[in-house]
Enquirer: 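Below is the structure I would like to discuss, written out as structure tokens.
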2 protein chains.
Amino acid sequence: MTDHSTPDRIMDAAETLFAEKGFRGTSLRAITTTADVNLAAVNYHFGSKEALIRAVFERKVSPINRERLARLDKLETTGRGCDLDAVLDALYRPAVNRVMEHPEHMHCGPQLLARIHADRSDSLQATFTELFAEVARRFMLALEHCLPDLSAEERAWRFHFLIGIMVHAMTELGRQSRPHASPTGFHGELLRPASVDVFTSRLISFAAAGLRAPAPDTVEKTP
Amino acid sequence: MTDHSTPDRIMDAAETLFAEKGFRGTSLRAITTTADVNLAAVNYHFGSKEALIRAVFERKVSPINRERLARLDKLETTGRGCDLDAVLDALYRPAVNRVMEHPEHMHCGPQLLARIHADRSDSLQATFTELFAEVARRFMLALEHCLPDLSAEERAWRFHFLIGIMVHAMTELGRQSRPHASPTGFHGELLRPASVDVFTSRLISFAAAGLRAPAPDTVEKTP
DNA sequence: GTCTATATCCTGATAGAC
DNA sequence: GTCTATCAGGATATAGAC
């Protein structure tokens with residue numbers, strides 16, 4: 001932990017604190033104190049707090065998205081691009097994997113992801129779009145191949161449902177791993193930690209069934 | 001808009017700004033300027049910024065949850081407590097309704113709800129738990145009646161999926177209604193606004209299918 | 001209840017020695 | 001690259017006149 005370079009130490013500390021207190025709720029002083037580096041180091045290495053946020057943002061998300069695209073590529077070159085379960089696996093597994101493989105960071109990773117999705121202030125909007133654009137485009141296309149009978153609008157909404165499931169589930173997953181708080185209170189010991197495989201399967205079986213559901217009537221009903 | 005009392009004006013302004021800039025990214029000065037009240041009024045009426053956050057939080061969520069419980073009550077007294085689609089309607093419709101019935105606030109309502117779900121810092125944890133505990137308990141029970149064959153663990157996770165779908169979908173819904181930003185970029189004109197009925201049906205058909213999916217194998221697979 | 005004025009502290013950022 | 005010292009501004013909160 002201490003053998004990292006200064007920028008890495010800063011980003012490690014920032015990642016944890018951002019997850020806990022939010023981007024604007026975390027001061028540079030808190031970050032540099034936790035990272036045990038000088039206050040001026042943040043501006044020296046990153047230029048500004050905003051730039052640091054973007055860097056943390058990107059470091060967290062890019063590897064996951066790269067792996068998603070690589071897995072989708074492989075599916076398509078091996079002719080399994082229309083296997084819905086496999087496509088969902090390519091979407092979900094990299095995120096679940098990244099989150100669960102380092103248990104010591106499991107409490108902050110998902111929480112940070114949730115904040116990334118929730119906080120789309122103007123200053124972060126462009127970064128968000130840039131980081132997820134390719135993944136969104138490619139997987140939307142894949143869904144089009146897997147579910148050709150669905151209208152484009154229905155498919156687009158269901159894609160958003162997929163993302164929502166993942167973000168919220170992983171947040172909850174991270175929350176489970178924090179011993180001091182069972183925040184929502186409405187689960188006893190029910191939500192025990194599971195393996196990456198089990199958890200990914202859980203997501204896929206639910207999501208695939210939802211995606212395959214017949215489209216609802218879009219005709220107005222009179223109440 | 002101007003005939004509200006001072007506390008109401010403060011909460012209206014705070015709600016909008018919290019949605020846009022986050023809880024900690026919004027200063028009391030920004031709130032009181034927008035609300036056109038004196039800076040000291042916040043502390044006079046609410047005691048502190050934290051208390052204001054909780055008040056806004058509660059004002060936004062409580063009516064929705066009250067309506068959810070009322071609808072569920074009615075279902076159960078009329079013997080439709082095991083109608084999964086109806087139960088989901090009771091969960092989703094109040095939120096969709098509240099968000100879409102005031103189009104002028106649609107850009108901030110969902111965003112605020114998303115932030116509420118994402119920002120579970122220690123200071124807001126207790127408030128969150130308190131506001132959602134009863135709804136979570138009651139609907140978990142309802143799911144148990146609707147889906148008796150599912151394991152308790154599987155049901156608990158799927159309940160979280162339900163919440164994730166709603167939060168993310170409504171965030172996106174709110175984002176659509178903002179003219180100046182098509183943030184994620186991966187939807188052209190596909191996601192047009194829909195009526196409350198249409199959008200609720202969309203949520204229900206996806207969610208119900210997911211809930212009814214056979215439980216995945218929870219046996220470890222060797223990779 | 002509302003307002004002005006202010007206290008106290010913390011923020012991000014930077015200048016300049018080493 | 002790292003550090004100290006400091007700036008200018010903004011934050012919450014409050015005291016006290018009206």
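Below, read A as the first sequence line, B as the second, and so on, with proteins coming before strands; counting in each chain starts at 1.
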Enquirer: Kindly indicate, with the supporting measurements, whether the criterion salt bridge (charged side-chain N to carboxylate O under 4.0 Å, His left out) is fulfilled by B:Glu154 and B:Arg158.
Expert: CA-CA 6 Å; B:Glu154 190 68 32; B:Arg158 290 186 180 187; 3.1 Å; yes
Enquirer: Would you mind classifying the nucleic acid contact of A:Thr26 as base, sugar-phosphate or nothing, using non-hydrogen atoms under 4.0 angstrom?
Expert: sugar-phosphate
Enquirer: Could you check how far CD1 of B:Ile31 sits from P of D:dG10, rounded to whole Å?
Expert: 16 Å
Enquirer: Hey, is the side chain of A:Thr6 poking within less than 4.0 Å of OP1 or OP2 on D:dT2, counting only N and O atoms?
Expert: yes
Enquirer: Starting from the C-alpha separation in whole Å, work towards a yes-or-no answer on salt bridge (charged side-chain N to carboxylate O under 4.0 Å, His left out) for A:Glu130 and A:Arg54.
Expert: CA-CA 11 Å; A:Glu130 190 188 333; A:Arg54 277 193 289 273; over 6 Å; no
Enquirer: Starting at CZ of A:Arg24 and ending at C1' of D:dG10, how long is that distance when rounded to a whole Å?
Expert: 14 Å
Enquirer: Under a plain distance cut-off of 3.5 Å, with no hydrogens placed, do A:Arg120 and B:Thr171 share a side-chain donor-acceptor pair?
Expert: no
Enquirer: Angle class for the A:Phe128/A:Phe57 ring planes (parallel below 30°, perpendicular above 60°, tilted otherwise)?
Expert: perpendicular
Enquirer: What stems show up for DNA chain D when you take Watson-Crick pairs (N1-N3 plus N6-O4 or O6-N4) and G-U wobbles (N1-O2, O6-N3), both under 3.5 Å, and require three or more consecutive pairs?
Expert: C:1-18 with D:1-18
Enquirer: Are A:His168 and B:His168 close enough, and set up right, to give a ring pair (Phe, Tyr, Trp, His ring centres under 6.0 Å), and what steps lead you there?
Expert: CA-CA 9 Å; A:His168 197 82; B:His168 197 82; over 10 Å; no
Enquirer: Is it true that B:His117 and B:Phe132 have ring centroids separated by less than 6.0 Å?
Expert: yes
Enquirer: How would you summarise protein contacts on nucleotides 13-18 of chain D per nucleotide, using B for base, S for sugar-phosphate only and - for none, with heavy-atom distances below 4.0 Å?
Expert: BB----
Enquirer: Starting at atom CG of A:Asn38, determine the distance to atom C1' of D:dC3, rounded to an integer number of angstrom.
Expert: 5 Å
Enquirer: Can you spot which of A:Met166, A:Arg202, A:Met170 makes a side-chain contact (heavy atoms from CB on, under 4.5 Å) with A:Tyr92?
Expert: A:Met166
Enquirer: Figure out the NE2/C1' separation between A:His45 and C:dA13, and round it to whole Å.
Expert: 15 Å
Enquirer: Quick one: on DNA chain C, does A:Ser27 or B:Ala41 contact a more 5' nucleotide (nearest heavy atom)?
Expert: B:Ala41
Enquirer: Hey, are A:Arg115 and A:Asp119 close enough for a salt bridge, meaning a charged N less than 4.0 Å from a carboxylate O?
Expert: no
